[in-house]
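Everything numeric in this text was worked out from a predicted model, so none of it was measured. Excluded from the calculations below are hydrogen atoms, water molecules and symmetry mates; all remaining heavy atoms, backbone and side chain alike, are included. Reminder, nothing fancy here: chain letters follow the sequence lines and each chain counts from 1.
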Amino acid sequence: MTDHTPSHRAARCPAAITGMGMLTPLGNDFASVGDALMAGRSGVREIDLLDTSRTLRQFAAPVEAIPDLPGLQPRQLGKGDNVHASRLERLCGAAAVAAVDDCGAAAAAGRRVGLVLGIGAEQLKTWEADFLAGGDAVFSGARQPCIAARLGQALGLSGPCLTVAAACASSGYALAVAHRWLSLGMVDACLAGGGDIISPVALAAFYNLRALSRRDDDPVKASRPFDTARDGFVMGEGAAVFMLEPEAAARQRGARMHGLLAGAGMSSDASHMVAPCAEPAEATRAIEMALADAGLRPDEIDYVNAHAAGTPVGDAAEALAIRRALGAAAERVPVSSTKSMSGHLVSGASAFEAVACLAAFSRQAIPPTINLDDPDEACPLNHVAHQARPARVRTALSNSFGFGGSNLCLVLKAA
Amino acid sequence: MSSVHQPCRLPVVAYEPLSVLLADVDALRTAADPEGSPPLPKRFLRHADEQSVVAVRAVQRALAALPAADCSRHGVIAAPCQAGRIASSRTLAQYAAGGGVTVSTHIVPQASLHALAAAVSVGLGMHGPSLGVGGGPQALHEGLLTATALADTPGVEGWWLGGERACRRAPARRRGAGRQPGCDPR
């Protein structure tokens, strides 16, 4: 049998990130998001964009405003006077359009450009929005194309367009699939990323699961990854989409590069449909595979953007996985969880956290874990607490671990 | 190093078509594990989506035909069509009537697009990548496209690719009528 162990395999060619677009709780452009991350600013607040009267939660990290998209016709949901455009579609669409604009629309013209979006519960959210606006799509079962297919058509993309889902690792999987398409020559360039929205039913479901923080008296302090007093995550929403193309092609056309997607590692815990596995053998393996895919040793990593959502079991398991995978380098490599500021963007988390890694490259600083007042002894890492730390940052590892035991780790490099 | 990798060939060594009427899905939940297949954890399918139940049982039957197979390093790509619609309709109707406290904790992990793949991975102990693809009418094609991309993932010794021709359109029903939409997982 072919030996597929990481150490025997050549690194994959990096994909250049030549465009990016985002709508997040911390801002809707790279500069604003970078500023917020480095300032340790929280996007968590009491929710006023949703009718929360029927839910138990009153705070989250929402996107302030989603712009209208000229040329795109988002799906209309609901019935009667209550018809409105799909918020999830507008969110992902706005990020995709911004990514195309950022790389230069001319750069996409005439090329086979694909689109992979990581959205874990697109239909659930679409059915919910339609139902709450008086529609009955969930009962009728009418088949409709997914958001990626509709956006691909609206953007005039000639490559394949699809949605992938792996819970909180969804948008990381989207980036990994796009990277593979580029490696195989299936596309010339590819838009990839993902997003998610806060919805009343999702908020209630996570609350009832006891996955959310219940620190109702102080929302800004509620998201506290790695802290002894952590009690769950804070739900966020947002989308981030990147334009990827082969590094050689990007350099040849003199494209501006925000960074490189150098590798990905993926595995499954196969342990439980919801709970993270306290014994992180597979999470460790995903990190090791990502490093091998990128052709990097653990001591060549400058920053780890942890998945760490603020759940008691998950954060401790991840800390152990990082220590095992990085070995002695774990003592030195700075680690932070930007979910302390952005909340947990669920399907969009991996893509947003790739933005955070790119911000670390451009600012030459590590964004902090805010609210980390008392680091848990079960999470012994080189934490960057409260304030950004200036550092030489040329490589970053970004972890995403989701429901169903999905582990997805990305390695990014400065261009 | 070449910038373009050659796609690898993917021989099909096992498959299992399974056609089940919605009315028979519950019997599959509690049925005995097929002889020669990896056993499921106790009551594992109790809260699983109907399409997940059919998918897990189909993979079990296929594995029973490969008695020496070790599936612990297999990956799963599942391309269901409108997975979770029955649970979603039930959840939304309950939410409309009773608010957030009525929302089931199973709705996200068991009725999202990734749930079917996760059920196969978790139920049968597969540690390779696990993801859902598509969700719409072209789901199976999109699943194949994704499998092509991920085929050479290091450490993965086999892939299970599943698609379901489900969701035969049911007659339109009025909101709040307390009935479930039709679904015909195949």
Contact summary for Gly128(B) and Ser268(A), nearest pair of heavy atoms | O-OG, 2.6 Å
Enter the distance from Met273(A):CE to His47(B):NE2 here, rounded to the nearest 0.5 Å.
-> 11.5 Å
Test item: Val103(B) and Tyr207(A) side chains (from C-beta on) under 4.5 Å apart, heavy atoms | no
Residue His272(A) versus chain B: region with a heavy atom under 4.5 Å = backbone
Mind checking the CG-CG spacing from Leu150(B) to Leu184(A)? Nearest 0.5 Å is all I need.
-> 9.5 Å
Would you say the side-chain atoms of Asn208(A) pair up with the backbone N or O of Thr105(B), donor to acceptor, closer than 3.5 Å?
-> no
Can you say whether Ser104(B) sits under 4.5 Å from chain A via the side chain, the backbone, both, or neither, judging by heavy atoms?
-> backbone
How long is the span from the CG atom in Leu124(A) to the CZ atom in Arg85(B), to the nearest 0.5 Å?
-> 13.0 Å
Heavy atoms of Met126(B) and Ala270(A) approach each other most closely as O-CB, 3.4 Å
Who wins among Ala178(A), Ser267(A), Gly405(A), Ala167(A) for the most heavy-atom pairs under 4.5 Å with chain B?
-> Ala167(A)
Answer yes if the side chains of Arg180(A) and Thr153(B) hold a donor-acceptor pair under 3.5 Å, and no otherwise.
-> yes
Rounded distance (nearest 0.5 Å) linking atom CD of Gln123(A) with atom OG of Ser88(B) = 8.5 Å
Salt bridge (charged side-chain N to carboxylate O under 4.0 Å, His left out) pairs touching residues 24-36 of chain B, sequence neighbours excluded, are Asp26(B)-Arg29(B), Arg29(B)-Glu50(B), Asp33(B)-Arg57(B)
Nearest heavy-atom pair of Gln82(B) and Trp127(A): which atoms, and what distance?
-> O-CH2, 3.8 Å
Against chain B, work out which of Gly404(A), Ala176(A), Ala165(A), Ala205(A) has the most heavy-atom pairs shorter than 4.5 Å and name it.
-> Ala165(A)
Output for pair (Asn407(A) CG, Ser130(B) OG), nearest 0.5 Å, gives 10.0 Å
Gln153(A) atom CD: more than 12 heavy-atom contacts under 6.0 Å | no
Measure distances from Met186(A) to the heavy atoms of chain B and classify the residue's part below 4.5 Å as side chain, backbone, both or neither.
-> side chain
Please collect all salt bridge (charged side-chain N to carboxylate O under 4.0 Å, His left out) contacts where either partner lies in residues 63-81 of chain B, sequence neighbours excluded, each pair once.
-> Glu282(A)-Arg73(B)
Answer with side chain, backbone, both or neither: which region of Tyr173(A) has an atom nearer than 4.5 Å to a non-hydrogen atom of chain B?
-> side chain
Let me know if Ser406(A) has heavy atoms under 4.5 Å from chain B in its side chain, its backbone, both or neither.
-> side chain
Do you know the tightest heavy-atom contact between Leu145(B) and Leu162(A)?
-> CD2-CD2, 4.0 Å
Considering all heavy atoms of both residues, which atom of Ile119(A) and which atom of Leu113(B) are nearest to each other, and what is their separation?
-> O-CD2, 4.4 Å
Any chance you could measure Cys161(A), atom SG, to Glu142(B), atom CD, to the nearest 0.5 Å?
-> 9.0 Å
Answer with side chain, backbone, both or neither: which region of Ser72(B) has an atom nearer than 4.5 Å to a non-hydrogen atom of chain A?
-> neither
On a heavy-atom basis, the closest approach of Leu92(B) and Val138(A) is CD1-CG1, 4.2 Å
Comparing Gly132(B), Ala118(B), Ser112(B) against chain A, the one with the most heavy-atom pairs below 4.5 Å turns out to be Gly132(B)
